[in-house]
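Structure first, commentary second.
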Amino acid sequence: MSGYLGLWHYWATIALSMLGLYTLIAKNNLVKKMMGLSIFQVSVIMLYVSMAKVTGGTAPILRTDIENPVYSNPLPHVLMLTAIVVGVATTAVGLSLIVRIREEYGTSEDDEIRAIDREAM
Amino acid sequence: MALISLDQVAQLGTLTYYLGGWEPPWGIEYRIDRTSALVLVVVTGIASAVIPIGPGEKSYQIPGHRHAMYYAAFLLCLCGLLGMTVTADAFNVFVFLEISSLSTYTLIGLGSNRRALTAAFNYLIMGTVGGTFYLIGVGLLYQMTGSLNMADIATRLSEMQSTRTVVVAFAFVTMGLAVKLAVFPVHQWLPNAYAYSPSAVSAFLAGTGTKVVYYLLARILMTVFGAAFVFDILGFDRLLMPISLVAMFAGSVAAIYQTDLKRLLAYSSIAQVGYLTLALSLGTTEGIAAGLLHMFNHALMKGGLFLVVACIVCRTGSSQISELGGLARRMPMTFAALIVGGFGLIGVPSTVGFISKWYLVSAALGSGSYVVAALILASSLLAVVYVWKIVEACVFGKAPEGAPQEEAPLGMLIPTWALLGATLVFGLSADFTTHAATSAAEQLSNGVKTAKLISRERRQLHAHTLAEPNAVTPAQESGQ
């Protein structure tokens, strides 16, 4: 595969991230916004992991049974472990904020919250 | 500690520490040079002024059982900010950025008004998108250079500066940091986040959060990408300068129309961030020095002013300007602090604001932008308007009925005056700050000089290779 189709993993990454950003911007419900944010973060994981793959490479575990083994780059995977943790933490903080917002406002729809705030002004 | 390290760096040069004993570029390197030592002083200084105030006053309306959480989040945030400052690893920056951001969201969410929650949520969305953009940018850089160490990236980048991946990476990294810095078009999170968080938190954030990100932006533009690439090849200054000018005016004008003291200060912060990025967009060593100087000075002023607000809220329970009436008589010490801080924002001589505006204007004149220098002075006039609005309310406004007559508690006045007194001290004898900022800027732009040299050599090389058929053409580059 060559040309633009050969870069399909980038297209997948872009599609995922745009999906996430669209959800983030367009959806009214705060929980859905949060999920959009999660999808957006996950798309970055794909970007990193796909760039770590070396053609014909194997898992980066020391092998002695093969002559001159080709290993995939393990570093992006390690980085993404951290990014996953960050993502989970962000989602947790965001969701708990939503819970508190719902307790205070009685709703988790963005436009209703704005309306309530406007009335209070 | 930070002062000691600043002194050490000034005498011995750059301090480095290899995390886990792995040498860079493989391991994570912690590195304190003159610039980061200066930022460390700012951050720890503001933090040690804000911590004693704490959430203890009942007017913060943080219930007792949440105090432990407040301190935990505060210290985590401090840790993240310090980490961002000292690390020399591009991915490590992201981790610390998220540590400090996540704890900031919780700190803002502690505000007494329920709008603090929505403000925190909006900031969470914006901040995470910004952080993720930064992450994408770092990923692309790693893909091109195979390294995460900033200095290492810089040396390797100079060979492949104009490939499209690097340009895209630059866009992502800059955009991500711009969101966190609240550069003009992406500043929407800032007013609400500052206005509804507890006052001590606002003081901490205003004094440190944006400052550290500014340092990061300067470092990444100047050392990692190199000024030659950013300004000569991409022409980023042509974008950054108008944006900064608009931010200066839009922020100040918006501040004039605010009825809430904290919101007013928050919009004024956006204008001040405009000054910072303007200094950066000049792209000269004097410009960077002026930017770092203003960063230091503005951290003191804004941190101090938000602490003044904390004092006011503590006694009157409100930060509405309409309820400030008669403050000059009711709380003379607090009012005097407010005046000092306000004069600093305008840039009256003998305050730090004057020093930083002086350097900013002379840097602008030095690079031949007379219009910019004039606009800086014009926007200071807008600052006069909004500061006068507060002063007018305090002196001539009528005190609301049953207004408390007490001065703010001593435990809050001392840190407030420590910060604002420092603005007077550094305003009168600016040797220490200007020297620190200038030497830091020189160190940052050492990278600039070498990058410029390299780019000149490359251009000559390019001129030679153009004639040869195997020279890289733009079409091939974009196909990569």
Side-chain angles (χ1 to χ4, degrees), chain A residues 2-4 6-7 10 13-14 17 20-21 24-25 30 33-34 36-52 73 75-76 78-80 82-83 85-87 89-106 108 110 113-114 116-117 120-121, chain B residues 25-26 73 76 89-92 94-99 101-111 113-129 131-144 146-148 165 168 172 176 192 196 259-260 478-480:
Chain A
S2 65
Y4 285 111
L7 300 170
Y10 290 132
T13 306
I14 293 169
S17 63
L21 270 184
L24 184 63
I25 296 165
L30 296 184
K33 273 181 191 284
M34 206 61 227
L37 194 64
S38 286
I39 293 173
F40 181 52
Q41 288 182 313
V42 166
S43 73
V44 181
I45 297 177
M46 226 166 99
L47 174 74
Y48 270 72
V49 170
S50 69
M51 76 172 76
N73 187 353
L75 187 68
V78 181
L79 299 181
M80 280 310 102
T82 322
V85 173
V86 168
T90 311
T91 316
V93 173
L95 288 178
S96 52
L97 272 175
I98 294 173
V99 170
R100 290 270 294 122
I101 288 175
R102 198 177 160 77
E103 278 174 8
E104 295 281 340
Y105 286 88
S108 57
D110 202 23
I113 292 172
R114 278 166 206 264
I116 293 172
D117 270 348
M121 289 263 279
Chain B
W26 298 282
L76 261 179
D89 182 281
F91 188 81
N92 212 226
F94 166 73
V95 176
F96 280 121
L97 185 79
E98 287 297 328
I99 290 177
S101 314
L102 283 172
S103 45
T104 308
Y105 309 145
T106 41
L107 282 176
I108 294 172
L110 285 175
N113 193 316
R114 65 180 174 179
R115 281 188 206 175
L117 295 171
T118 41
F121 188 76
N122 284 337
Y123 183 25
L124 182 136
I125 299 265
M126 293 286 281
T128 311
V129 171
T132 314
F133 271 9
Y134 177 80
L135 185 62
I136 295 175
V138 169
L140 294 174
L141 278 182
Y142 176 72
Q143 192 179 19
M144 286 309 284
S147 172
L148 287 170
T165 317
V168 171
F172 270 117
N192 278 339
Y196 297 119
T259 54
D260 182 289
S478 58
Q480 277 172 355

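Just the heavy atoms: all of them, side chains too, but no hydrogens, waters or symmetry mates, feed the values below. Chain A is the first sequence line, chain B the second, and so forth, proteins listed ahead of strands; every chain is numbered from 1.
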Notebook entry, point to check: Picking from B:Thr118, B:Thr106, B:Val95, which has the most non-hydrogen pairs under 4.5 angstrom with chain A?
Noted result: B:Thr118

Next item on the list: Mind ranking A:Thr13, A:Leu21, A:Leu47, A:Leu30 by heavy-atom pairs under 4.5 Å with chain B and telling me who comes out on top?
Entry: A:Leu30

Notebook entry, point to check: Measuring from A:Leu24:CG to B:Met126:CE, what's the distance to the nearest 0.5 Å?
Noted result: 10.0 Å

Item checked: Partners meeting ring pair (Phe, Tyr, Trp, His ring centres under 6.0 Å) with B:Phe91 (sequence neighbours left out) -> B:Phe94

Note to self: Is A:Phe40 in contact with chain B via its backbone, its side chain, both, or neither, using a 4.5 Å heavy-atom distance?
What the structure shows: both

Result block: side-chain N/O donor-acceptor pairs under 3.5 angstrom for residues 91-102 of chain A, not counting sequence neighbours:
unit_1, atom_1, unit_2, atom_2, d
A:Thr91, OG1, A:Ser38, OG, 3.4
A:Thr91, OG1, A:Gly87, O, 2.7
A:Ser96, OG, A:Ala92, O, 2.9
A:Ser96, OG, A:Val93, O, 2.8
A:Arg100, NH1, A:Glu104, OE2, 3.4

Item checked: Minimum side-chain heavy-atom gap A:Met34-B:Leu124 below 4.5 Å -> yes

Next item on the list: Could you tell me the separation between the OG1 atom of B:Thr132 and the CG atom of A:Leu37, rounded to the nearest 0.5 Å?
Entry: 6.0 Å

Next item on the list: Please check if the side chain of B:Tyr105 supplies one atom and the backbone of A:Thr90 the other of a donor-acceptor pair under 3.5 Å.
Entry: no

Next item on the list: Could you have a look at B:Val129, B:Ile99, B:Leu140 and say which one has the most heavy-atom pairs with chain A under 4.5 angstrom?
Entry: B:Val129

Next item on the list: Output the option from A:Ile113, A:Val86, A:Leu79, A:Thr82 having the highest count of non-hydrogen pairs under 4.5 Å with chain B.
Entry: A:Leu79

